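Positions are given from 1, in the same order as the sequence printed here. Keep in mind the model is a prediction, meaning the values are calculated, not measured.
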Amino acid sequence: MHLGRTRALLASLFLIALTTGTFSAQAQSPLSAYTQQQTEFLPVDEAYELSVIGTTERGALLQWLIAPDYYLYRHAFAAKARTSSQDIEVALAIPDGLAKTDEFFGDVEVYYGALDASVELAESAELIELSITYQGCADAGLCYPPETKTFLWHTASGEVQKGKLSPTVLDTNAPQGSGDEEDFGLIAALVFALLGGVILNIMPCVFPILSLKALSFTRGGAQSHRRSSLVYSAGVIVSFVGIAAVLIAIQQTGKLIGWGFQLQNTGFVIGLAYLFTLMGLSLNGLLHFGTSMMNVGQSLTEKDGDAGSFFTGILAVVVASPCTAPFMGSALGYALTQPIYITLLVFASLGLGMALPMVILSYSDAAVKVLPKPGPWMDTAKNVLAFPLYLTSVWLLWVAGNQSGVNTMAMALSGLVLLAMAAYLYGETPVRKAVTALLVIAAVLLAIPQSDSRDGGAGARKLSEGQVAYSAATLASYREVGKPVFVDVTADWCITCLANEAAVLFTPEIEAAFLAADLPYMIADWTDYDADIGEFVKFHGRSGIPLYVMYPRGIGSDPVILPQLLTRDIVLSAIEKAQ
């Protein structure tokens, strides 16, 4: 697959630089295009309101309130039940419907207005996960993909609420019943978030910033190091809590977003590219703006007070957003389905985990003694660390080009030239200051994304053999006939995604394995915001990407979620088991 090799080469280049292609506009089905044009159609949850009422320890009533001019299909209903350890047989009783000749499915039975059905379990248990699947259409011509709602049913009390037991996770490196396969709760989420935060420190996104911060520990006394690390920790934790607050606020509007959502905004991506370039120029000694924010790169390596340490924590969180560490996905997915205070608590735990290694380093006399003493080598180290920042800017501008087209990328590059010119001309005279200000303003204007979104950018790329663009309708069509399918939720700004593609997914061996198994490789590109992909991510208990879901062969088979860091053996095992 030529495109796969291209993306692998790009990903390898960026990962190597940070630590020392792309499928943009989804191929739209006629149904998705029609849906975009018909904005008057109701969201599926408003068209079909489902409530579940526990009636006995083994029985429950299902009630649908169906909006006028909408209907449900009888043949599309399905019910599943399970405990944390086993599946439970469930019988679904549905009354006769109205006969209808439907443009989508031919002669069918349908329901208008309202519907009462019931489920009966073959055996009882204290806590049941009940999944109900249904599908409906509008008389005006829109047919929704099959919808599945999952409830937790406390059979003794009859209480039923939305939620699910932990999703199944395939990890060939973990013992049976460990990790994400455990029942998930607040304590597990806090622990997973803490571990995920710790692992973030060794991800390529964060490495350059933490290297600069570690250099600061070679200067000053132990007391100043400890204070600096605590203030840095406060910046990290406050930033994570702030991101959580923004996530919650945006999700309250009905928009399905997750970790790294800010990188779906081209302007933010270009702004990060500008910031990293300026930091690199500062480390190379080419910027001399005193203690201003533009000189943050150099200030990070010096004893610059609490403000500098706090800002370093903020910056570390910003640059961490393209990466997702192991354990993070489950923890954040759980957090964003809970009350606000729990969500904030889990994000704070993630921040604590990320800050913890720096605090331990500052409080460990042995660790500080191991660090080399100040000397000329520090200037060399700073100059060398500038180049990963430059290559990070290159990668970010590549992302911006894939999001909004080559014209946007060219304008942003021109803006970087103007910034470099502003740095060169800056001086103490009023004329130099005025010219510098005008150049900076011009650079900011050039950072505004152009209107050629996707024209000539990633939208012009072709899918390789065996690959299909994600759509809920296409996925549903595979599942209705029991065909196995693999869904890869990825994005150009997701470093972890690119690493998995370069090292595993887009290698010739894995590509050949998918083709040999006749297993469709479905790519859900979340580089730009896509509500359908957001719903898919949320449904599988995640708040960010990468997300890898394998649907095994067989009608009604349960999806299997693969780990966020893949290996060759994990993927080959998943392909084999899917057959």
Side-chain angles (χ1 to χ4, degrees), residues 84 129 150 152 161-169 171 178-203 205-206 230 232-253 255-263 313-314 316-359 489 494 496 534-535 537-547 561 563-565:
S84 58
E129 181 186 278
T150 306
L152 287 178
Q161 59 186 9
K162 289 184 178 180
K164 63 168 92 173
L165 301 173
S166 61
T168 303
V169 177
D171 186 348
S178 66
D180 286 353
E181 293 180 353
E182 297 292 336
D183 286 344
F184 221 68
L186 176 58
I187 299 301
L190 292 174
V191 172
F192 276 27
L194 186 72
L195 292 173
V198 171
I199 297 173
L200 267 180
N201 287 279
I202 61 174
M203 301 299 282
C205 326
V206 191
L230 293 176
Y232 163 81
S233 301
V236 171
I237 295 172
V238 167
S239 299
F240 271 111
V241 172
I243 289 176
V246 173
L247 273 170
I248 293 169
I250 296 177
Q251 288 186 343
Q252 292 299 313
T253 68
K255 194 171 184 179
L256 297 170
I257 60 172
W259 173 252
F261 70 94
Q262 64 271 31
L263 292 167
I314 296 175
V317 175
V318 171
V319 301
S321 53
C323 280
T324 301
F327 303 106
M328 274 182 61
S330 299
L332 299 188
Y334 167 85
L336 292 173
T337 63
Q338 302 303 308
I340 292 176
Y341 74 94
I342 292 181
T343 302
L344 297 178
L345 191 60
V346 173
F347 271 80
S349 180
L350 180 63
L352 177 62
M354 184 172 177
L356 197 57
M358 201 63 67
V359 174
V489 187
C494 172
T496 311
E535 181 65 45
V537 172
K538 179 182 177 182
F539 175 78
H540 289 88
R542 294 291 186 266
S543 67
I545 56 176
L547 174 63
I561 300 177
Q564 291 176 316
L565 292 181

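- Pairing each heavy atom of Ser233 with each of Ala355, the nearest pair is OG-CB, 3.3 Å.
- Considering every non-hydrogen atom in both Leu344 and Ala245, the closest pair reads CD2-N, 4.1 Å.
- Scanning all heavy atoms of the two residues, the minimum distance from Val317 to Val236 falls at CG2-O, 3.7 Å.
- Pairing each heavy atom of Leu547 with each of His540, the nearest pair is CD2-CB, 4.2 Å.
- With rounding to the nearest 0.5 angstrom, the CZ atom of Phe192 is 11.5 Å from the OG atom of Ser349.
- Looking only at side-chain heavy atoms (C-beta outward), Leu350 and Leu194 stay at 4.5 Å or farther from each other.
- Here Ala348 pairs with Ile237, Val241 under the side chain to side chain contact (heavy atoms under 4.5 Å, CB included) rule; sequence neighbours left out.
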